[in-house]
Amino acid sequence: MSPPFCSVRNLSVRYGREAALKAIDLDIIRGERLAIIGESGSGKSTLAQALASLLPEQAQVEGEIAWPVLGHAPLPGRDFGFIFQDPGTSLNPVLTIGEQVAEVAKRHLRLDWRQAYAHAEELLGRVRLPQPASAMRAFPHQLSGGQRQRVAIAAAVAARPAFLIADEATSALDVVVQAEIVHLLDGLVREEGMTLLFITHDIALASGFVDRIAVFHNGERIETGPVRSVLSSPVENYTAALIASHRDLSTPPLIAQVAS
Ligand SMILES: Nc1ncnc2c1ncn2[C@@H]1O[C@H](COP(=O)(O)OP(=O)(O)OP(=O)(O)O)[C@@H](O)[C@H]1O
Ligand SMILES: [Mg+2]
């Protein structure tokens, strides 16, 4: 069997007395789309930050995270892209869209500015930003929330990272834009062969396009499995309640409706 892309063993993260993650074991398979599902405070972002070496200094960390395929902890931008809920977190308000996307490509792909700009413009087209050439010269505040998130995605994948982390990347968007962004992510991840960690509190949204689901509750990973088996026969009562509390999972997922 090929080694996992990432192997998390006995990972605990504490903030003083508060345990944000408790003895997490989790393998991320190369090329898979894995969703982390859980309510607010369950430790989802803490896991993402631990994987990205982005935990704040005051976090007390125990356990191990290994990267057998890369052979080293992934470098931001080059080995992994991170998409946040609020693209304001990752986009610089005083730089043009073009500068920001091109900068990532220039730094990690060793392109000169001209090549990096050409690459950035092509990416803006791929994330379906209308009129990529003029969007290159726009500033973040001139775009809608959905368009800004498309730019954030373009910047996250600009250096063709092997791994993409999306932490509630669509939660701030309305349902239709949310479905479009998920469809976009789905396509990009497939085309580039990326491994995706898709973090959300919305099990219905995730189940439309990921391969596996890991359910987190109070800092623990309580259940993991392929989407179909988790949805059809959840082991934990908590998971069953989560499924019951969300949008009707028997209707075709939005992602399928957008794609068709
Ligand atoms: N920097 C921090 N300092 C102190 N406590 C923190 C910090 N970051 C997270 N926590 C605590 O760790 C726990 C897990 O938080 P985390 O942000 O990982 O949850 P989450 O599942 O991402 O929630 P949400 O869905 O609201 O984003 C929470 O109880 C939170 O208060
Ligand atoms: Mg979070």
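This one's a predicted model, so the numbers in the text were calculated from it and none came from an experiment. Excluded from the calculations below are hydrogen atoms, water molecules and symmetry mates; all remaining heavy atoms, backbone and side chain alike, are included. Remember, it's 1-based here, ligands and their atoms both numbered in the order they're listed.
- Atoms of ligand 1 lying under 4.0 Å from any heavy atom of Glu39, numbered from 1 in the order shown and given with element: 21 (O).
- Taking a cutoff of 4.0 Å between a charged side-chain nitrogen and a carboxylate oxygen, Glu180 and Arg128 do not qualify as a salt bridge.
- Counting the atoms of ligand 1 from 1 in the order shown, those under 4.0 Å from a heavy atom of Ser45 are 17 (O), 18 (O), 20 (P), 22 (O), 27 (O).
- For the residue pair Ala156 and Ile83, the shortest heavy atom distance occurs at CB-CG1, 3.8 Å.
- Residues Gly77 and Pro161 share a closest heavy-atom pair of O-CB, 4.0 Å.
- In terms of polar-atom proximity, defined here as any N/O pair under 3.5 Å, Gly41 does make such a contact with ligand 1.
- Distance OG1/Thr46 to CG/Leu21: 5.0 Å, rounded to 0.5 Å.
- Among all non-hydrogen protein atoms, the one lying nearest atom 6 (C) of ligand 1 is Tyr15 CD1, 3.3 Å.
- A donor-acceptor pair shorter than 3.5 Å can be found between the side chains of Glu99 and Thr96.
- Contact between Gln49 and ligand 1 is absent, with no heavy atom of the residue lying under 4.0 Å from the ligand.
- Looking at His201 against ligand 1, nothing comes within 4.0 Å, counting heavy atoms.
- Of the residues Arg228, Arg30, Arg33, the one that meets the salt bridge (Lys or Arg N to Asp or Glu O under 4.0 Å) test with Asp211 is Arg33.
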* To do: Assess whether side chain to side chain contact (heavy atoms under 4.5 Å, CB included) is satisfied between Arg150 and Leu184, documenting all intermediate values.
  => CA-CA 9 Å; Arg150 288 175 191 271; Leu184 168 66; 4.0 Å; yes

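- Closest to atom 21 (O) of ligand 1, if we only count protein heavy atoms, is Lys44 NZ, 2.8 Å.
- For Glu191, the CD atom counts as densely surrounded, since its 6.0 Å shell holds more than 12 non-hydrogen atoms of other residues, nucleotides or ligands.
- Of the protein's non-hydrogen atoms, Ser40 OG, 2.5 Å is the one closest to atom 26 (O) of ligand 1.
- The ligand atoms of ligand 1 that sit less than 4.0 angstrom from a heavy atom of Glu18 are 28 (C), 29 (O).
- Near Thr46, meaning under 4.0 Å from one of its heavy atoms, ligand 1 places the atoms 14 (C), 15 (O), 16 (P), 18 (O).
- Ser45 lies close to the Mg ion (ligand 2), since one of its N, O or S atoms is found at a distance under 2.8 Å.
- Heavy-atom contacts of Pro56 reach the following atoms of ligand 1: 1 (N) (cutoff under 4.0 Å).
- Regarding atom 12 (O) of ligand 1, its nearest protein heavy-atom neighbour is Ala20 CB, 3.2 Å.
- For the atom pair NE2 of His217 and CD1 of Ile37, the computed distance is 14.5 Å after rounding to the nearest 0.5 Å.
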